[in-house]
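Working notes, beginning with the structure itself.
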Amino acid sequence: MQLHEIAAEFIKDTQASMWPGLAPEIVICLTIMLMLLVRVFRFGRLIPGAVMAMAGVVVALYFQLGSVAVAESHEIFTGMLVLDTFTVYLRMFLLVFALLFIVFTVLSRIPDQEDAVDFYCLVLGSTLGMCLMASANHLLIVFLAVEMASVPSYALAGQLKFQRKSSEAALKYAVYGAGAAGVMLYGISLVAGVMNTAHLPTIALELTERLPMMSGQELMVLGLGGLMIMVGLAFKLSAVPFHFWCPDVFEGASAEVNAFLSIASKAAALALLVRVAVGVSVPSVSESVVEAASAPAAVHATAMVADEADIEPVATPAGDPLIPVRHFIGLLVGGLAAVTCTFGNLAAYAQTNIKRLMAYSTIAHAGYMMLAIPAAIEAAGVAPEVARNSIAALVMYVSVYLLMNLGAFAVIAFFRNSLQSEEIADYSGIVKRSPIITVAFALILFSLVGLPPLAGFFGKFAIFAALADSWRVTGHVYLLWLLVIGGINTAISLFYYLRVVKVMTIDPERDGAPVPLAPISFLAGTYVLILTIPVVTLLIYINRVNEWTQDAAKQLF
Amino acid sequence: MSLLTEPVGVSHFLVVGAVMFVTGAICMATKRNALGVLMGIELVLNGANINFVAFGSKYLREESLGLDGQLIALFVIVLAAAEAAVALAIALSFYNNHATIDVDQADELKG
Amino acid sequence: MLNAINWHSFLFLLFGGMSCFFALGVLLSSNVVRMAFYLIVSLTATAGLFFLAGAKFVGAMQIMIYVGGTLVLLIFGVMLTAQAAFVSMKTKSSDWVLASIVGASLFALLFVAVVSVEDWRVPREDQSALTVTEGESATLLGWSLIGIRVDKEEQPDPQLQSGMSGYLLPFEIISIHLLVVLIGAAFLARTKTIVFHGSAPARVFSMSYSDIYFSWNGRAPREIFWLHGVIVLKAIYILAAAIDWFLIPNDFPLLTAENGANGLGWLTVIVALLLIYPAIVIRIKRWHDRDKRGLWVLLPFIPVIGVIWEIVELGFLRGTVGTNRFGEDPLQ
């Protein structure tokens, strides 16, 4: 290959991918710069930051919606990013969230006029990093995107900078976050060193070739590196045992920032986990569609299939050397997920502060969502359609979770503005004062439990169905255990959400409870209703949502 | 004195990297001064960087990570600078509110 | 004796030893000023290691950005917070024990891992024969940063070639990241003129929603007209239309394609009719605010001029100052 050929190839690639593939990100970049530039002029300072940020996000969404559908998964920017329907869906998700989030912050008035531009710059900068997380195809982008998403959110956590708790939250978040990122980087260096490349598909390719004859030492380094990368991702997901920052940061930061951290950040981290897990363990579409093979179950001799005689494990393609890799990832993520959702749900009981309660609820939900990944990864080589369904279930859960958690944090913020309190006990008897918002909040909490026919039920059901399906085709019993743990957890979680509902509705107003300063504004109530209506009525258009999520997952396997 | 007479391999560099990584990690865990914790972060990132450069070096082995190692190391240096800037701003904001930089005093939020 | 010494290895030992020694110094010292100094030495020695590995440009950047930039930043932090009591903060001995056990086992694990891999332990045989130009990488790095991997030429395996990515995207996007991060740092460091925590400042006037949407008595300021008369009503209308067009699937039993799933559906029509009433009463109250009678709502029936007139008068002009025949001034 001659130099001019490489250059020509590069120029072609950039022309072909720059605008069509990356238009929303470029628009976000331009918005950030514009927001900072107009401050130089006097008239620019009169434009509220929220309006500019919202306009930028709307334009980015417009370009995303207007772009041609992605026909097949392909790499852009000389292999740095991958563009497929999953990327597109996640990007839309993040942009829609950003839009709703900006409206929310305007209604709850948390960044005042003075801080608004900086606040929205940080939000958009972090969103940009999350978009990259969803499309990462290279280990450098994995690290870069995590940093781009995290570092602005450290500053966001310290946004109420004259509150002791807020600056403490920011310090803890920054220190733990930077530590986790450092460990992740070290893990990346080990993996890249063993594989001699940092490009995820090439790693999968190399693994396929070299794994059977790798020495034990190399495998150990590889496993160590994988674990360290998982530490970084688990931190972003607030998975146990890397969850300890989550309740503290949530309590110290404002409810608005909590919404941002618990929705956008989690969704992006899950997307990145999917990217990394699928990237290194599923070589390419053509190879994984091997269905004709008929090797016996000897391949997965991990002794997990031993105790079930009646289920004939569907054959796995013989000699696919990546099966142990997938099994490793599946067990790792599955184990973390099970511990995470159990711990989150149990710890939520003792909480008296609503933001801490929601923090543990966030941890538990991260656990539920992670359950989809072992299901997808294990099924990837055996039955790609099951794997696709699992990822579709994940996408469905994440989308539903956006509505529920944004609604919940919006209510928390509006109650805070009205009551000046975030203690659950102070919500007593609030149903008399703001009945509509209280009912909406109760519905959202029921949906977080997963009671049918609310939206949360469909998310949970999809994930559990995916686990069962994946167990059926692969025969790994641990998937069934994950299903059982998930089910038990759903039952456990009922009680602490119900406690909040009970305090709000049944409990009489406490003596000495804070007197509401201001009634909750009409627009705030409308906003909560707009988020609650789809949570209640998802039932009607579940088929449409199903189509979207299936579409999002179809090019991954 | 074989270390003095024999040429060095990748492993030698990796050991230095591992020392830096572990020291940095312990620094982050034990230092009470928030700035000490930040220095620990720098050490961790630097340990990873030594790995990247060693893996990418053509001097040390034939099949290597190649140019990617050096490129990633460059980006990590820049990212570390960015992270340090924000972490320092946060530490100073903490100092302003608490009149101390001792992270053990950060205990209002029970973990 | 001297001839037997491999000077490359000697320098490696020197720089590597310095890096490790001063890194340990950072760990063991409890004086933050000393720690900063040790860190500088350690990171500078690391730059020496980069030179020895042939990464000259990275080594230079290490000195310039890391030592020259990042560490100076940290030292500023030390100076800003270094009061006598805080300069030295000793770690508790119980922490030390725990940390050294965990640290030692982690190091042992990593040490075994990196030393045991055959491919890494054995140095390249022809190392001493390699010339200086072999490690000439600054040009290649420059090309890679603008997206062109010149070293692709040397990669024989075309499958691996595709994994040799150009770094244009990270190079570009990191500049935005730096911008955002600097804004974040400046935001945190800036003092604030007003301390403000979320609570809404008491509103100057208040109207109940039933007053706004259903009553045609009294006066309404411009804010009500824009917020409730324009934004809210339009938003409800758009929402209804969106539900009609978008969310209710064609096979929804109550709403088949004939009666309107793909067009103005009945929901939109009903909502639009229902919205006429609040739209009128808000305008009436606004006309009252302008000290004019409610019949002025018919003004838009005059083509063009009427509409413009209405928008200017209701949307932009302040109501009469002080009490008028329709009620008190809502802004006072």
Side-chain angles (χ1 to χ4, degrees), chain B residues 3-16 18-23 25-27 29-33 35-36 38-39 42-43 46 50 53-54 56-62 66-67 70-71 73-75 77-78 80-82 84-86 88-93 95 100-102, chain C residues 4-6 9-10 12 16 19-20 23-24 26-27 32 35 39 43 46 49-50 53-55 58 61 65-66 69-70 73-74 77-78 80-81 86 89 91 95 99 103 106-107 110-111 114-115 120-124 127 130 134 137 140-141 144 151 167 170 174 177-178 181 184-185 188-189:
Chain B
L3 262 182
L4 266 183
T5 50
E6 293 288 309
V8 288
V10 180
S11 286
H12 297 84
F13 280 84
L14 298 188
V15 171
V16 178
V19 170
M20 299 272 262
F21 175 73
V22 174
T23 340
I26 304 179
C27 252
T30 59
K31 289 290 176 203
R32 280 174 55 200
N33 191 322
L35 295 167
L38 296 189
M39 292 181 194
E42 302 301 327
L43 281 177
N46 212 59
I50 293 181
V53 169
S57 170
K58 290 209 165 145
Y59 273 127
L60 306 174
R61 56 181 183 155
E62 275 164 65
L67 219 47
Q70 296 189 27
L71 281 160
L74 273 180
F75 282 105
I77 291 176
V78 179
V86 166
L88 191 68
I90 289 173
L92 290 180
S93 147
Y95 177 76
T100 175
I101 198 76
D102 184 351
Chain C
I5 292 180
N6 182 331
S9 302
F10 172 78
F12 170 81
S19 302
C20 295
L24 283 170
V26 176
L27 175 62
V32 70
M35 275 158 52
L39 188 64
L43 296 191
T46 309
L49 289 180
F50 290 170
V58 183
M61 285 302 117
I65 302 180
Y66 230 129
T70 312
L73 195 70
L74 276 181
V78 171
L80 285 172
T81 58
F86 305 127
M89 267 184 264
T91 309
D95 283 356
L106 180 62
F107 178 70
L110 285 176
F111 184 81
V114 299
V115 170
W120 298 349
R121 197 177 52 229
V122 182
R124 190 170 170 167
Q127 197 183 68
L130 291 176
E134 201 71 26
S137 55
L140 299 182
L141 286 177
S144 306
D151 52 336
Y167 284 71
I174 209 167
H177 176 58
L178 286 174
V181 158
L188 287 170

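All values below were derived from every heavy atom in this structure, side-chain atoms included, with hydrogens, water molecules and symmetry-related copies excluded. Given the structure is predicted, the values throughout are model-derived calculations rather than measurements. The chains referred to below are lettered A, B, ... by the order of the sequence lines, with proteins before strands, and numbering in each begins at 1.
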With a 4.5 angstrom heavy-atom cut-off, could you sort out which part of [X] is near chain C: side chain, backbone, both or neither?
X        : value
Ala91(B) : neither
Ala81(B) : both
Leu88(B) : side chain

| task | Look at Thr30(B), Leu92(B), Val86(B), Ile90(B) and state which one has the largest set of heavy-atom pairs under 4.5 Å with chain C. | result | Thr30(B)

| request: Check the pair Glu42(B), Leu74(C) against side-chain contact (heavy atoms from CB on, under 4.5 Å), reporting the backbone distance first and the verdict last. | output: CA-CA 10 Å; Glu42(B) 302 301 327; Leu74(C) 276 181; 4.1 Å; yes

| Under 3.5 Å donor-acceptor, Lys31(B) side chain and Val32(C) backbone |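 Flag not set: sc Lys31(B) to bb Val32(C) has no pair under 3.5 Å.
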
Testing the basics here: between [X] and [Y], what is the closest heavy-atom pair and its distance to 0.1 Å?
X         : Y         : answer
Ala84(B)  : Thr70(C)  : CB-CG2, 3.6 Å
Leu71(B)  : Ser144(C) : CD1-CB, 3.5 Å
Gly36(B)  : Met35(C)  : CA-CE, 3.3 Å
Gly103(C) : Ile26(B)  : CA-CD1, 3.6 Å
Val16(B)  : Gly16(C)  : CG2-CA, 4.1 Å
Ala185(C) : Ala85(B)  : CB-O, 4.1 Å

| task | Name the orientation class of the two ring planes belonging to Phe13(B) and Phe12(C) (parallel below 30°, tilted from 30 to 60°, perpendicular beyond 60°). | result |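 Phe13(B) vs Phe12(C) ring planes: tilted.
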
| said: Do Asn6(C) and Thr5(B) pair up side chain to side chain, a donor and an acceptor below 3.5 Å, judged on atom types alone? | reply: no

Go through the atoms of [X] and report whether side chain, backbone, both or neither lie under 4.5 Å from a heavy atom of chain B.
X         : value
Leu39(C)  : side chain
Leu80(C)  : both
Leu178(C) : side chain

| task | Check the pair Leu14(B) / Phe111(C) against side-chain contact (heavy atoms from CB on, under 4.5 Å), numbers first and verdict last. | result | CA-CA 8 Å; Leu14(B) 298 188; Phe111(C) 184 81; over 6 Å; no

| task | Calculate, to the nearest 0.5 Å, the distance between atoms CH2 and NE2 belonging to Trp120(C) and His12(B) respectively. | result | 14.5 Å

| request: First locate atom CZ of Phe107(C), then atom OG1 of Thr23(B), and finally report the distance between them rounded to the nearest 0.5 Å. | output: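 With rounding to 0.5 Å, CZ (Phe107(C)) is 8.0 Å from OG1 (Thr23(B)).
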
Winner by heavy-atom pair count (cut-off under 4.5 Å) against chain B, out of [options]:
options                                   : result
Leu24(C), Thr46(C), Leu106(C)             : Thr46(C)
Leu110(C), Val181(C), Val114(C), Leu27(C) : Leu27(C)
Val115(C), Ile65(C), Asp151(C), Leu141(C) : Leu141(C)

| message | Does Val26(C) form a side-chain contact (heavy atoms from CB on, under 4.5 Å) with Met20(B)? I'd like the steps, not just the answer. | response | CA-CA 10 Å; Val26(C) 176; Met20(B) 299 272 262; over 6 Å; no

| field | From CA spacing to verdict: side-chain contact (heavy atoms from CB on, under 4.5 Å), Tyr66(C), Asn46(B) | value | CA-CA 10 Å; Tyr66(C) 230 129; Asn46(B) 212 59; 3.8 Å; yes

